[in-house]
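Okay, so here's the structure we're looking at.
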There are 2 protein chains.
Amino acid sequence: MRWDEIGGEACSVARTVSVIGARWTLLILRDCFLGVRRFDDFQTRIGVTRPILADRLKKLVAEGILAKCADEERPLRYEDRLTAAGRALHPVIMAIVHWGDTHRVTRKGRPLLHTHKTCGHDFDPVMVCSHCAAPLSARAVTVRAGPGATPSMSTDQDQA
Amino acid sequence: MRWDEIGGEACSVARTVSVIGARWTLLILRDCFLGVRRFDDFQTRIGVTRPILADRLKKLVAEGILAKCADEERPLRYEDRLTAAGRALHPVIMAIVHWGDTHRVTRKGRPLLHTHKTCGHDFDPVMVCSHCAAPLSARAVTVRAGPGATPSMSTDQDQA
DNA sequence: TATGTCAGTTTTGTTTTAGAACTCAATAAG
DNA sequence: CTTATTGAGTTCTAAAACAAAACTGACATA
């Protein structure tokens, strides 16, 4: 399989990775969720080169993750804003942040703290089951072929 | 910034991406959570070339995500198994799967269905606040500098 | 008129990747 | 006791992606 074909696999991981899996793309999305919207702000904050940033933004727009909006101001600036599909990637970013917060933290502590406006407290993201609301662990999850599976996806064994 | 330096940033997203952000690595981890542990099984299922697979497995072992265990059998085979730190990446994979299940699904339906052994039902993963247990939305989260921040991380604006 | 900002594109080398073949050790088959 | 097979890579070459820097062009401000 070539890298540019993984979006065609019958696998939700592969399909999502084809959207967010290019180098720098996750750092761009991180900044989107922090409110960054302008080309030069991305470039300064991330330090990615301009050609690559232009390519990634273009692809995120083509995938429906970002939308290029003309800012009203007379200099006619553009903004890349998250669409609803883009905002739906928030759990992916939060899961990534949380792993870094717990497994790659220095003695100084976390780089960023997250506050939940609804309840007013600092929090960690927790993944729970939509049916019983209990926190999920890898060992408590099994997998079986769904209606969109190709005749092959068989390895639905246990985890770890 | 060069790609191989992002692990040194004071950002949990960048630090995590330096571990899981290389091409193919997320597909390898997906298969790990499905119980795949042998070199040739990864190679057949993913279709990645052998040199790249060898490189990615080596790096995941170096990062403490996988551990190379000698299988007891006399042919002396090796297995790459998830460590505790590797299993902690489960929410990342589940968040990625869920986005694909909801935003890149075909008319045929989902490729895989997930069952929660604890409650016995098919489920979707839901991210909630560790303090109030309410589902998280991007707009309800704000960010501020933590103790491990570098003096610069300022853009703690609103989302979207 | 000169200077600056924004959002790129072009150009030029350097890395990384894909694809195929090759190595090496330990069985397994004849 | 050779010969083949399997697992887990390594080596090699050509193609693709990437990094760094300079360049473009529209618009605005001094």
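In what follows, chains are A, B, ... by sequence order, proteins preceding strands, each numbered from 1. Everything numeric in this text was worked out from a predicted model, so none of it was measured.
- When the P atom of D:dC18 is taken as reference, atom CD1 of A:Ile46 falls 14 Å away, rounded to whole Å.
- B:Pro147 and A:Leu113 get closest at one heavy-atom pair: CD-CD1, 4.4 Å.
- Protein atom CG of B:Asp55 is 16 Å distant from nucleotide atom P of C:dT15, rounded to whole Å.
- Comparing A:Ile52 and B:Asp41, the nucleotide of DNA chain D nearest to each residue sits closer to the 5' end for B:Asp41.
- Rounded to a whole Å, the CZ atom of B:Arg37 is 16 Å from the P atom of D:dG7.
- In this structure, CD of A:Glu79 is placed 13 Å from C1' of C:dC6, rounded to the nearest angstrom.
- From A:Lys117, atom NZ reaches atom OG of B:Ser137 across 8.5 Å, with rounding to the nearest 0.5 Å.
- Residue A:Pro51 is the one, among B:Asp4 and A:Pro51, whose nearest nucleotide of DNA chain C lies closer to the 5' end (criterion: closest heavy atom).
- For B:Lys58, the side-chain atoms get nearest to D:dT10 when compared with the rest of D:dT10, C:dC6, D:dA8.
- At whole-Å resolution of the value, CD in B:Gln43 and P in C:dA18 are 12 Å apart.
- Atom CE in A:Met1 sits roughly 15 Å away from atom C1' in C:dG19 (whole-Å rounding).
- Picking from D:dG9, C:dA18, C:dG8 the nucleotide with the shortest atom distance to the side chain of B:Ala54 gives D:dG9.
- Across the protein-nucleic acid pair, B:Leu53 atom CG and C:dA18 atom C1' stand 14 Å apart, rounded to whole Å.
- OP1 or OP2 of D:dC18 lies within a sub-4.0 Å distance of a side-chain N or O belonging to A:Arg56.
- With salt bridges taken as basic N to acidic carboxylate O contacts below 4.0 Å, one links B:Asp80 and B:Lys68.
- Put simply, the side chain of B:Arg50 and the base of D:dA8 share a donor and an acceptor less than 3.5 Å apart.
- Side-chain atoms of B:Arg38 lie closest to D:dG7 of the nucleotides D:dG9, D:dA20, D:dG7.
- B:Lys59 has its NZ atom 14 Å from the P atom of D:dG9, to the nearest Å.
- Regarding contacts with the backbone of D:dA19, a side-chain N or O of A:Trp24 is found under 4.0 angstrom from either OP1 or OP2.
- Heavy-atom distances to DNA chain C give each of A:Lys68 and A:Arg2 a nearest nucleotide, and the one nearer the 5′ end belongs to A:Lys68.
- Contact annotation: the side chain of B:His90 never approaches that of A:Met127 to less than 4.5 Å [non-hydrogen atoms, C-beta and beyond].
- Of all heavy-atom pairs between B:Thr49 and B:Gln43, the closest is CA-NE2, 4.3 Å.
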